[in-house]
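Please read all numbers here as calculations on a predicted model, not as lab measurements. Convention: sequence-line order gives letters A, B, ...; per-chain numbering from 1.
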Amino acid sequence: MDTIELPVLTQKDFASDQEIRWCPRCGDYSILAQMKKVLPTLGIPREKFVFVSGIGCSSRFPYYMNTYGFHSIHGRAPAIATGVKLSRPDLNVWVITGDGDALSIGGNHLMHCIRRNVDLKIILFNNQIYGLTKGQNSPTSPLGSRTKSTPSGSVDNPLSPLCVAIGSEATFVARSIDVDIRHLTMVLERAAHHKGSAFVEVYQDCNVFNSGAFAYASKKEIKDDNIVYLEHGKPLVFGMNRDKGIRVDGMSRPEVVSLASTGEDDLLFHDEQATEPSLAFMLARMRYPEFPEPVGVFRAVQRPVYDEAVNRQITESIASKGEGDLEELFNSGDTWTVG
Amino acid sequence: MDTIELPVLTQKDFASDQEIRWCPRCGDYSILAQMKKVLPTLGIPREKFVFVSGIGCSSRFPYYMNTYGFHSIHGRAPAIATGVKLSRPDLNVWVITGDGDALSIGGNHLMHCIRRNVDLKIILFNNQIYGLTKGQNSPTSPLGSRTKSTPSGSVDNPLSPLCVAIGSEATFVARSIDVDIRHLTMVLERAAHHKGSAFVEVYQDCNVFNSGAFAYASKKEIKDDNIVYLEHGKPLVFGMNRDKGIRVDGMSRPEVVSLASTGEDDLLFHDEQATEPSLAFMLARMRYPEFPEPVGVFRAVQRPVYDEAVNRQITESIASKGEGDLEELFNSGDTWTVG
Amino acid sequence: MASIETEVAPETPARAKAEPPVESEAAPRSNGKLLERLDDVVIRFCGDSGDGMQLVGTQFTNASAIFGNDISTLPDFPAEIRAPAGSLSGVSGYQLHFSSREIFTPGDEVDTLVAMNPAALRTNLADLKRGGTLIVNEDAFDKSNNAKAGYKKNPLDDGEGLAGYRLHRVPMTRLTRDAVEGLGLSQREADRCRNFFALGLVYWLYERDPKPTEEWITAKFSRNPSIAEANRRALRGGMNYGFSTESFTVHYQVAPAELAPGKYRKITGNEALAFGLVTAAKLAGKNLYYAGYPITPASDILHELSRLKNFGVRTFQAEDEIAAMSSAVGAAFAGELAVTASSGPGICLKGEAMGLAVITELPVIIIDVQRGGPSTGLPTKTEQSDLLLAMFGRNGESPMPIVAASTPADCFDAVQEAMRIAVEFMTPVLFLSDGYIANGAEPWRIPKLSELKPITVRHATQNNANGQDDFLPYKRNERLARPWALPGTPGLQHRIGGLEKADVTGHVDYSPSNHQHMTDTRAAKIAGVANVIPEQAVEGPDEGDVLVVSWGGTYGTVRTAVQRFIRRGESVAHAHLRWLNPFPKNLGDVLRRYERVLVPELNTGQLRFLLRATYLVDAAGFNKVKGKPFLVGEVAGRIQELLDA
Amino acid sequence: MASIETEVAPETPARAKAEPPVESEAAPRSNGKLLERLDDVVIRFCGDSGDGMQLVGTQFTNASAIFGNDISTLPDFPAEIRAPAGSLSGVSGYQLHFSSREIFTPGDEVDTLVAMNPAALRTNLADLKRGGTLIVNEDAFDKSNNAKAGYKKNPLDDGEGLAGYRLHRVPMTRLTRDAVEGLGLSQREADRCRNFFALGLVYWLYERDPKPTEEWITAKFSRNPSIAEANRRALRGGMNYGFSTESFTVHYQVAPAELAPGKYRKITGNEALAFGLVTAAKLAGKNLYYAGYPITPASDILHELSRLKNFGVRTFQAEDEIAAMSSAVGAAFAGELAVTASSGPGICLKGEAMGLAVITELPVIIIDVQRGGPSTGLPTKTEQSDLLLAMFGRNGESPMPIVAASTPADCFDAVQEAMRIAVEFMTPVLFLSDGYIANGAEPWRIPKLSELKPITVRHATQNNANGQDDFLPYKRNERLARPWALPGTPGLQHRIGGLEKADVTGHVDYSPSNHQHMTDTRAAKIAGVANVIPEQAVEGPDEGDVLVVSWGGTYGTVRTAVQRFIRRGESVAHAHLRWLNPFPKNLGDVLRRYERVLVPELNTGQLRFLLRATYLVDAAGFNKVKGKPFLVGEVAGRIQELLDA
Ligand SMILES: Cc1ncc(C[n+]2csc(CCOP(=O)(O)OP(=O)(O)O)c2C)c(N)n1
Ligand SMILES: Cc1ncc(C[n+]2csc(CCOP(=O)(O)OP(=O)(O)O)c2C)c(N)n1
Ligand code: SF4
Ligand code: SF4
Ligand SMILES: [Mg+2]
Ligand SMILES: [Mg+2]
C-alpha cells in the first residue's frame, strides 16, 4: 500500500482516551507500550488496524488502543478475527489473548486459526494464571501450582503454547518477555511483517496473583543464564558471559555445553526457516531450569494464506464464470411458463 | 485385578444385539472386528468396559459392543469419558471418535484430555471426510479436496492428528490401518495396555464419500512402498523387497535412502520411549508420496496419570486430615450460640 | 388429500374418480386402455436407500412441474447413516402431490405407492389409501428380503394382507436386465437402472413426458454413455410395460393447474434460502458472508452457497458452531452481511455468541433449520420445537427479532425481510425453518430483480460527535439503531464488546441507571420492529367462532384444513404468523375477535405459550411431536371438535 | 431500613433513635459519652479496592454475629479487574445490617458510612441517610485523590455538600502511622493497617468486642508477627480514638437478636452451596463430583469444594463450560452425584450437553449463579434474568426441574432438595442462585446431621428384563424414573445416547409413535415432581387484595416490604416460590384468591411471563435491571400504588 501521503503516526496517536485499568506493575503495561511503539513504524493508516480480544485482563487491551477494537467473549477472539479478516483482507488484524482465553476455552479456535494460516497476529499474554477471575489454575500453570482452584497443587500437566502452535502447523512462532523491551519490540515487528498467522507468546507477570513467575527470565541479574536468544543462522550461545551453548546430536535431546570445551561450530545453529518444524518443536520444549529457555523467532516460513486463498477462489470464479447474474441463477435448471 | 475366576471371554461375548448400520465395505467394520478380538485378551471382565463416542458414523461403534456404552454428542466424548474415568478409576474407558468429531468440534477436549494424560484409550477413525453428514470437508481432508462444502477444492490446510496429539504432550501415540488386521490388533492391544491417554489414529476408508483415500497405504500391491512399520529399537526399513530405509542427519529433514548405498546402521533407529518427543513429531510429519508413512507406535512413555493423581490427592487428604466430618466442617470458623 | 376441495363437489372423495372405468366419465382409449382425468394425485416412491428413490421422485416432480401441475413434495430419508440393504431402517421414500389445482401440502393419503422391496412395502403400506394402486418389484420379494422386513411369508402371496389395494406385481429386476441387455453392463450396474424402469411405468400411468428426464440422464452420465443408454432404455421399458401389458387397464391424466402466470421452477426450502441470501446481498449492494458447520438438515445451505463464489459469496466451514457464529459477528463488525445456519444442537452452542451480537448490536442472521429434539434427537425428522429456544436461549435480557418461513419458496422472501430488519435496526435476527420446509419442494414463480424490495444499508462516514473528538458508536437514530461504522474508515475508530456499554459513547459502564437504560433501549428497539412489519392478516371471516393460528412449516396443512370450513361457510379463520418476535401490532385485537383460538404446532405448545403470556388468551393447542408434518385431516378434525364442543 | 418494623411503634423511624441524647432514653455514661440503644443499624465500609474494605466488613460482621445480632450483608465489588488507586471505578464497598430483631435484608439506607477516600465518598454518599454518621479518612482527601474522584475542591471543606450528615474527619493515615510507630514497618506497610484503625473506631462506636478480630489477626499473620502487632495496634488505636477524642459524643448498643436457639455461624451463599452439596453426597452415601470452569460469581463454589478432598469430593476444573457439563454427565453415568456451576455466559454453553442429560435421563445438578447480562454484561452485579434461559435454553422439548434459593443460608437446603429430586426422578435439575445470594452473608443455624432429610439412591443390581437377556435401561418405575445401572455391574451392560430412544429397551428409535410417547413421558415425569414438593404457602391473609409473588434472592426484601402491610393489617400477602418448574400444584388456586398479583423481579418480567402463560393471571410486574437488589422501600412503594389504584 502506498504510504506516501500518510501523516507520520506516533505512539500517542494509538493511545485511546480510556483510563488504563490494570494493577500496578502488571506486565500488560509494557506490552501495551511496545505495541504502541511498533504500530507507527508499519506505515499502515491507523484506521486499518483492528484489535480483537477475548476476555481476561489481557483482553482489555483493545480499549487502550485508538484503533478499531472488539473486546469479545471468552476464547472466541480467533474465530471473530477470522470473520473480520476473511471479509476485509485490507484490514490489519491483531488478536490479543491470555493463557486461559487462548488455550483453555479457546484452544480449538486457536488451533484451527493457525492451521488455516489466517493472516492474524496473535499475541498470547502468558501469566500462567487466570488473572481476571482472581487466580485460578491455567493450562500453562506448572504442575503443583497452588492456586484458588488447586489448593493442594495442580495435577494438570501444562500445555506449551508454542508446541500447541507448532503441532497446529504454525508458520510463525515466537516468544518474548514483557519487560524485555527491545526484544519484545523486535518480535512484535517481526510478527507484524509475517504473512499468515503469527503466533507470539509473551511471558507476562501477573503482579497480583502470580508475581515473579518469570523472574528467572526477566530479572537482570540472572536472566542471561536462563534464557537463550534465538537468531537466524547464529549458534545458540548464552550465559552472563556468553560462555555456554546448546548442542544437539542426531535426534537425541539438546544439551548444554561449555564453550571452553566445545567450539561454536559444533553448536546448534538456529534456522527459523527450516521447512521441517521439528527443530522449532524441540527448541520449544527446552524448559528452565534444565535448559535456558529460547526467546525470539522459533519459526517463520511461508505457506498459502487462508483469507487470500478464499478470496482468490472468488476472483477466479468470477473470472471464469463471470460476475454472478441472479436472474440467470434463478432460471437455471428446469423451468416452465404458465399463462 | 485378579482374573482367575473370570469366565474366558470370546469375541462373541462383546457383540451386542444391535444390527450394524454402516455402509457396505465401510472400514468401520474391520475396526469393530479387531476390537472384539482384542478385548477378550485383556483379562478384564466385560462389564468393566465403557465405550464413549461422539457423533458420526464411527461414533455408532458403542451400539455394537455388548459393554457399557455412551453415544454422546458431537465432539464431547473425551470430556464425558474424563468424567467417567475420574469418578470410576476401576473402569476401562475407550473413546471412539472421527476426524471431524475429534479434531473439528472436539479439538479442545481432545487436546486437554491428552495433556492431562487421563487414562483413556482414544481411537480416531480418520476417513478424511464427514461421513454421517454425507461428505463435507474435514480437518484432515487434503488441500484441494472437492467435497460437498468445498466444490472448488479445500483451501483449509489439514491438521495431522498425531502432531496435534504430540503437541498436546501425548504419552502414547500410534497409527494403524483399518484393513491391516494383524497390525491394527497389535496397536489396539498396545493402546489397551498403556497407562494414561493412548491416542490411536486409524486410517479408515469411507467407501461412500471418500473411497480409496488410503489405497496407497492399504492396497496389497503398493502399500509396502508407501508405509514403513515402526518397531522399537529397529531401523526404519521398508519397500516391497525391504530395500529402502529412512535416514536422518542432525536436525535436517529425514531422507529416503537405498540400502544398496547405505548400511542399516546409518538408518534412523526407532525409539518409542524417547523422553524427547521431537523424533516422534518428525516421524508424524512424514507424508506420502514424499515419504512412506510410518505406522505403529510412535511414542509410548510414562507420565503421571491424571485420574490417579486426582484420586491420590483425595486419599492423601483423608490420610492427613482424616475422613471429613460434616458437623466439624459446619462448626469450623467463628460460631456462636443462641438461647 | 387435497382433491376433495373441488369446487364442483366438495364432498366427493377423489378416490371415487379412481374407481373402475365403468363408473368413470367417458375417456379416449389408447391401446385398449381407459384414460381418466383426475384433479390431483399423491404418489410415493419407496425402496432401499440404495434404490435411488429420491432421484426418481425428483424426476417425476420435475416432469409434473414442467407439465404445469401444482406440486408439493415430502422426501423422507432414513436416519443419516446408511442401513443394511433391505432393512426396515434403510427405507427411503419420496412423496409427491401433483394437481390441476393450487395445493399447499404433499397430501395425507397416497393414491399410488411404488415399493421396490418388502421393507419399503411394510413401512409405507399404511399410508396407501384403500383402493389405491400398489406397484411392487416382485423380484425383490425373496425369502431373505421378506425376512429382513419381518415378513414370515411373502406378503404378495398372502391374500387378505393386500386385498383392497390394486396390486401390480412387476418383475422389475428381470425386465430391467432384459431392457439393458447387450450394453455390456455388469448385473450390479444393470440392476441400478431399476428405479428408471419404475419411473417409466408411472410416467405412462400418469402420462408424463419422458423427454426432460431423458435429457437429464444424458447430461448426468455424459462421461458414461452406456450407463446413460441403459437408464434411458429402462425408462422406456417401464413405459412400454405399462402400455403393452394387460396388467394395467387404466391410466390417468392430471391437467395443468392454473397458477399465477409467470415463469416457474421447482425449489426446495434450502435452495430458496441460499437464493434469498445472495439476493439480499445483491439488493443491499454488499457481499454475503456465510459461516456454518455441517448439520442435518441445514448443511445444504452451505453446499448451495459454496457454489456461488462468483456472486462474491464467502463461505466459511468453521471448526464448530461457536466459531461459525463468532466469525459471523466478526464479519458483521467488518461490514459484511453475515449469516450462519444450523439446527437445534448447533443453535444451543451459538447462544453465547448471539448474546454478543445483541449487546454489540450488529446485524447477523441466524438460521435454525429445526429438527426433532431434544439433544441429537431425530436428525432427519421435522419439528417446530426451537421457538422458545430462539426467544430465550441467551443469558440476561437479550431480545432478538424472530421470523419464520412458511413454505419452501417463502424462504426466499422471508430471509430477505430478515436481512432488511437486521441492517435497518442493527440487530441479529433469528430465522426459523424446519426439516419439512428445507427438503420439501414446490413451484416457485421466478421473480424479476426489479420486483424485489430494496435493502438499504447506511454506513457511518463521518464523526458524529459534533465537538468531541471521539466517534460515538452508540449514538442512535430514530429507530434506536446505532451507526454501523466500517473498520478502515478514518476517524471513526471505536471499540465495542460484551460488557455493558454506556449509551452514545459505547464506553464500558456498570452504572445502575445506564444498565436499566440500555436494557430498556434494547427491548424498545426490538419492539419497534412491529412498526415496520405488516399487520396480521386473516383468511376467512374476520371475527367468529374459531381462529386457527399457525407459524412456520405447518402453513400449507393448516390453510388447507381451514379452507374446508371456509368453503362450507363455517365460522373458522386462519392467521399465519411470519413474525414471532415482535408480534404484529394488531395481533391481540385479532385474537380477541374469535370465540376460540386454536394453535396447531409440531411441538408441545410453544407459540401457544407466547400468545397466552402476551395476550392472556385461553388458546387451545393441537400438538404433534412425531417427527412428521400434520395431516390436513388431523387438523380439520381438531377444528371440527372445537366447533362441535 | 428494617427497624421501623418494631412491634412497639411501627411508624417511628429508627433515625429518631439516633437523635441527640436529650431525646434518648437514659443511658450509662462512659468517659463522658452517651450510650444509646438502637434496634438496628446499617453500616457501610467503602474505600479503594486496595484498602481492605471487604476484610474489615467481614470482621465487623463476624463480631456482630458472635455478639448475637441478626445480620445481613451486601458486598459490592468493583468490576473484576483492578482499577487505578483512587479512581471511581476502583471503589469497593461492604454493607452490613445488624439488628436486635430478625432481619432479611442488608438495609435500604446507610446509618453510618466509613469512607476511606474521596472516590468512595462520591460513589456512596447518596445511600447515607440524612442525619447519618459519616466517618472519613481526611488524610486521603488530597488534591490528586479529590481530582481522581472528580471533585473540583475538597468535599470535606465545602459546607453544604456534607451538611445534614454527622461528619467526622479522622486523620486515619497519620494516626495509624503513629500507632504502629517503632515496629520497623515501611510506610506502605504501615498504611496498609488503616482499615483496622477504621474498624477499631466503629467497634468502639457500636460496642463490638475486638477479641475475635485480634485472634484472627494473630492467626492470619502468624508468619509475620510485626505486621500482626501493627494491625492489632491500629485496631486498638481506632477504638481509643473514639473513646478519648471529643469528636464522638455518643456511641451505640444493639442488643442481641432473639434468633431460634441453636449454634450459629455466618455463611455466604456460595459457602452454603458447597456445604449443601457435600452434605447431599453424604446423605446419599455417594461421592460428590464437581466440574466447573471459573466464572464470577460462581468460582467460589469450585474454590470451596476443592478444599474438601477429605470428604471424597472430586473437583475438576475443566477446559471450558461445555467440558464441565459433559464430564458431569459422564460422572452421572458412572454413578456419582454430579454437579456443575457457572453464570449466564457459561450456562448458554452448557445448553447442548444439558439436553444430553435430559434425553439420557441422568441426574446432574446445574447451578446458575446469575449475574447482569446480556453477554458478558456486568460480571460482578446481581440479576435474575436467566429464568427463561433455564426453562427453555435447550433445543427440542427438553423439560428440566428448576429450583431457586432464596437466601445465602437457604442454598444449603435448596441444593439438597435439588439433588433429592435429581436422583429420585433421574433428571438433571437446574439450580438458580445469583450474585447477591452468592456473596451475601447471614447467620446460619448449624444443623445436626440427624435433623436432615435423607437422600435415597437406588442402583439397578440385576437384570430387569425378566425373560429377555438384555437389561432394559428405560424400563421406568412409578415415578417414570428409569433405572440407574452402574457401569461395572455384571449383566447390566447397556448403551445410552443423544438419539431418540425407544422406551423400555433404550434402543435408537425414530418411529413417530415412540417419539410422541417419549416426549410426553419426559414431560410427564418432570410434571410429576409437583407430587413430591410442598404446596405453595403464603405469608399474610390467604385471600385478599394483593398477592406479591417472588422467587430467588429478592425473598428478604419482598418479605420485609410485605410485612409492613401485614403489620398494618392491610390485605397484602406474600408467596415466595422455591420451585419454578414444575410449579406447586396449588399455585393456580393461590393466585386466583387475590384481586391483584404483583411480581417484583430483577429482570424484565420472566416469572411474570411464566405465570401469565400458565395460569392466565393478569399479573403486574415490578422490575428493576440495575445490577442491584431491590430496596424494601421500592417494593413497598409499588405495593402501595397497587392498593391505592
Ligand atoms: C464463557 C465464559 N466463561 C468464563 C468466564 C470467566 N473468565 C473471564 S476471563 C477468564 C480467564 C482469564 O485468564 P486469562 O485468559 O489467562 O487472562 P488473564 O486475566 O490472565 O490476562 C475467565 C475464566 C467468562 N467471562 N466467560
Ligand atoms: C453440535 C452438532 N453439530 C453438528 C452435528 C452434525 N454432525 C454429526 S456427525 C458430524 C461429523 C461427522 O464426521 P466425523 O466426525 O469425521 O465422523 P464420520 O461420520 O466420518 O465417522 C457432524 C458435522 C451434530 N450432530 N451436532
Ligand atoms: S490481575 Fe494480574 S494480570 Fe490482571 S491486571 Fe492485575 S496484575 Fe495484571
Ligand atoms: S458414510 Fe462412509 S464412514 Fe459412514 S458408514 Fe458409510 S462408508 Fe462408513
Ligand atoms: Mg492468564
Ligand atoms: Mg470422518
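- Met282(A) and Ser278(B) make their closest contact through CB-OG, 3.3 Å (heavy atoms, listed as atom of the first residue, atom of the second, distance).
- For the pair His112(A) (side chain) and Ile105(B) (backbone), a donor-acceptor distance under 3.5 Å is absent.
- Between the side chain of Gln313(B) and the main chain of Gly153(A), a donor-acceptor pair closer than 3.5 Å is present.
- Listed options Ser152(A), Ala274(A), Gly106(A) were ranked by heavy-atom pairs under 4.5 angstrom with chain B; first place goes to Ser152(A).
- Both the backbone and the side chain of Ser160(B) come within contact range of chain A, with heavy atoms under 4.5 Å apart.
- Contact of Pro158(A) with chain B is made through the backbone alone, with heavy-atom distances under 4.5 Å.
- Shown here is Lys195(B), whose NZ atom has more than 12 heavy atoms of other residues, nucleotides or ligands within 6.0 Å.
- Of the listed residues (Ser317(B), Ala284(B), Gly107(B), Ser168(B)), the greatest number of heavy-atom pairs within a distance under 4.5 Å of chain A belongs to Gly107(B).
- Ranked by heavy-atom pairs shorter than 4.5 Å toward chain A, the options Met111(B), Arg116(B), Arg285(B), Arg312(B) are led by Arg285(B).
- Side-chain atoms of Glu169(B) never come within 3.5 Å of backbone atoms of Leu159(A) as a donor-acceptor pair (strictly under, hydrogens ignored).
- Contact of Asp156(A) with chain B is made through backbone and side chain together, with heavy-atom distances under 4.5 Å.
- No side-chain heavy atom of Asn157(A) sits under 4.5 Å from any side-chain heavy atom of Tyr306(B).
- Side-chain contact check for Pro277(A) versus Phe281(B): some heavy-atom pair is nearer than 4.5 Å.
- Nearest approach of Leu103(A) to Asn108(B), heavy atoms of both residues: O-OD1, 3.9 Å.
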